[in-house]
There are 2 protein chains.
Amino acid sequence: MARQPTRTSVSRSPRKRKGQGGERREEILGAALRLIGERGVHGVSTRQIAEAVGISQPSLYAYFPSRDAIVEELHDRAFVLLVQALDRFVPTPGTPLEQAVEYLRVYVDFGLNNPDAYRVAFMIEGAGKPKPPTDESPPKPALQAFNSLRAAIWALHESGRVRDQDPEVISQSLWAGVHGLVSLLIARPQFPWAEREALIRTHLTMLAHGVLKDA
Amino acid sequence: MARQPTRTSVSRSPRKRKGQGGERREEILGAALRLIGERGVHGVSTRQIAEAVGISQPSLYAYFPSRDAIVEELHDRAFVLLVQALDRFVPTPGTPLEQAVEYLRVYVDFGLNNPDAYRVAFMIEGAGKPKPPTDESPPKPALQAFNSLRAAIWALHESGRVRDQDPEVISQSLWAGVHGLVSLLIARPQFPWAEREALIRTHLTMLAHGVLKDA
DNA sequence: AAAGCATCTTGACAGTGTTAGGTTGGATCG
DNA sequence: CGATCCAACCTAACACTGTCAAGATGCTTT
């Protein structure tokens, strides 16, 4: 009697072959990042992700232990992308101020060009909290990203152009400075912002002026 | 037959008298703010709020149309508090740089002393999105807060001490500068921050140096 | 052809925000 | 005083969420 199930609707993706489970994993991460970019981190459910991929929703748990684990993986990957972008930077000839602005600009552009990644990386509440036990061993991508920035500041500092302040403090301060602009531009698109290019340039110039000696 | 209900557990708060529904409203907001401060915006359910207040959970909907409305009310109130703090500022005698640092310090201190409020006000994803129709009429507390800051910058600007830049751009840039520090300090308490006082002072001095002429 | 196991499924659970409808009891009025 | 009214509040139920348990499927290797 069991009537033929009407099926339809949820077009399933064909089952992956034996070794290719990793492909599914990537598909899941891709769909999750896209949906999160559209609807926000908390506006996406596991069922929506699963449907976008074309699998049943509990199948996600074959690849990730929890929903949060998906977000966390995106989080880490976003940091890796940021580090790559920062480390790719090579200064063009110019004054230290111009070079500093250029470098900070890489950070800003990364954030604005990858708002989904930046959101996931920096703008998720309590994303860095619940892990006091498993520290130390792996250099978390988050810290690694800051290390890139810090290294650049130290280099600048050793050129003697920086105001006499602890370089560590200056690094953190500059980070806060660029993060503030990026996060606000991303999070508050409705705010009556000034012309974006002028705002960015002014902001970075201000930060650089604040740090460098020859103002 | 109907056995005495075992009751227990959820100690209910006594019913409010006829006109005192507003009290309940305040109790709900207070409990919500406290719980959100402890567990984060998304870590608190309406049932938890209701239990903390001592009423049934659907009763919340007699006072607020939705869960988001509770958060939004807290959001607006946080802005009002911030505006009050900013407007209370009266500069002590000193150089323009010292005064600028002092003023920005009010913003930073407000954020760090009221992290719950600041979180709710500035660090909630998409809190300023879904309202293109009902604009214009009421001066939203959010914009009002920025107006306070802008007014202060304009005053500074007219004293002739500011680098030749559009004051509007400078206001937004300074806002981004302080917001970056406050939001990171609040959101990432685990990060190996430098000594907080030194960090704040350096950051604000940097921002002020970046904006003022006599560096 | 058989075995093994990665892949994926259905079914169920407690928890969530929200709505519908009914009860209670203090304030008000005749 | 007693009747009425309605603000304040409740229970029951809905569709949705993340997660777990248990089993089916079918490619790959022996």
Side-chain angles (χ1 to χ4, degrees), chain A residues 2-28 31-32 35-36 39-74 124 130, chain B residues 2-29 31-32 35-36 39-74 124 126 130:
Chain A
R3 68 176 60 226
Q4 206 83 330
T6 338
R7 268 279 163 219
T8 70
S9 63
V10 285
S11 69
R12 304 248 101 134
S13 159
R15 175 191 271 249
K16 294 290 180 187
R17 268 181 294 169
K18 217 52 181 298
Q20 315 303 328
E23 270 180 36
R24 259 297 122 80
R25 223 186 112 90
E26 294 305 314
E27 290 175 18
I28 293 170
L35 290 174
I36 286 176
R39 301 203 259 282
V41 184
H42 301 281
V44 179
S45 72
T46 53
R47 280 165 176 83
Q48 291 168 345
I49 297 173
E51 179 170 348
V53 174
I55 58 179
S56 83
Q57 178 245 14
S59 287
L60 297 178
Y61 290 81
Y63 301 97
F64 299 93
S66 70
R67 195 204 109 113
D68 285 349
I70 298 178
V71 175
E72 191 178 322
E73 173 113 15
L74 292 176
I124 292 185
Chain B
R3 68 176 60 227
Q4 206 83 329
T6 338
R7 269 281 164 215
T8 70
S9 62
V10 286
S11 70
R12 303 249 102 132
S13 159
R15 174 190 271 249
K16 294 291 180 187
R17 268 178 296 168
K18 219 43 181 305
Q20 316 303 328
E23 271 181 37
R24 260 294 123 79
R25 222 186 115 90
E26 294 305 315
E27 291 174 18
I28 293 171
L29 288 170
L35 290 174
I36 286 176
R39 300 202 259 280
V41 184
H42 302 281
V44 179
S45 72
T46 52
R47 280 165 175 84
Q48 291 169 346
I49 297 173
E51 179 171 348
V53 174
I55 58 179
S56 83
Q57 178 245 15
S59 288
L60 297 178
Y61 290 81
Y63 302 98
F64 300 92
S66 70
R67 196 204 108 114
D68 285 349
I70 299 177
V71 175
E72 191 179 322
E73 173 112 15
L74 292 175
I124 292 183

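Just so we're on the same page: letters track the sequence lines, and every chain starts at 1.
Considering every non-hydrogen atom in both V44(A) and I49(A), the closest pair reads CG1-CG1, 3.6 Å.
Distances shorter than 4.0 Å separate some side-chain N or O of S56(A) from OP1 or OP2 on dT9(C).
Here the P atom of nucleotide dT11(D) and the CD atom of E51(B) are 13 Å apart, to the nearest Å. Protein atom CG of L60(B) is 11 Å distant from nucleotide atom P of dC9(D), rounded to whole Å. Rounded to a whole Å, the CD1 atom of I70(A) is 9 Å from the P atom of dG18(D). One interatomic measurement links the two molecules: CZ of R12(A) to C1' of dT10(C), which rounds to 10 Å at whole-angstrom precision. Going from atom CD1 of I28(A) over to atom C1' of dT7(C) covers 11 Å, rounded to whole Å. Rounding to whole angstrom units, NZ of residue K16(A) and C1' of dT25(D) are separated by 17 Å. Taking atom CZ of R25(A) as the reference point, atom P of dT7(C) lies 12 Å away to the nearest angstrom. Put simply, CD1 on I49(A) is 14 Å from C1' on dT19(D), counting in whole angstrom units.
Between atom CZ of residue R12(A) and atom CD of residue E51(A) there is a gap of 8.5 Å, rounded to the nearest 0.5 Å. Atom-to-atom distance recorded for I28(B):CD1 and R25(B):CZ is 8.0 Å, nearest 0.5 angstrom. To the nearest 0.5 Å, atom CD1 of residue I36(A) and atom NE2 of residue H42(A) are 9.0 Å apart.
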Listed pairs, N/O of protein and of nucleotides 13-17 of chain C, under 3.5 Å:
unit_1	atom_1	unit_2	atom_2	d
dT16(C)	OP1	S45(B)	OG	3.1
dG17(C)	OP1	T46(B)	N	3.0
dG17(C)	OP2	T46(B)	N	2.8
dG17(C)	OP2	T46(B)	OG1	2.4
dG17(C)	N7	R47(B)	NH1	2.8
dG17(C)	O6	R47(B)	NH2	3.3

Under-3.5 Å N/O pairs linking protein and nucleotides 4-7 of chain D:
unit_1	atom_1	unit_2	atom_2	d
dA7(D)	O3'	K18(B)	O	2.8

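Checked by atom type and distance alone, the side chain of Q48(B) pairs as donor or acceptor with a backbone atom of S45(B) at under 3.5 Å.
Partners of E23(B) by side chain to side chain donor-acceptor pair (under 3.5 Å), not counting sequence neighbours, listed by chain and number: K16(B). For R24(A), the side chain to side chain donor-acceptor pair (under 3.5 Å) partners two or more places apart in sequence, or in a different chain, are S13(A), E27(A).
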Distance-only donor-acceptor hits, side chain of residues 57-64 of chain B, under 3.5 Å, sequence neighbours excluded:
unit_1	atom_1	unit_2	atom_2	d
Q57(B)	NE2	T46(B)	OG1	2.8
S59(B)	OG	S56(B)	OG	3.0

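Side-chain contact between R39(B) and L35(B) is present, with heavy atoms from C-beta onward closer than 4.5 Å.
Closest-nucleotide positions on DNA chain C for Y63(A) and P58(A) were compared, and the one nearer the 5' end corresponds to Y63(A).
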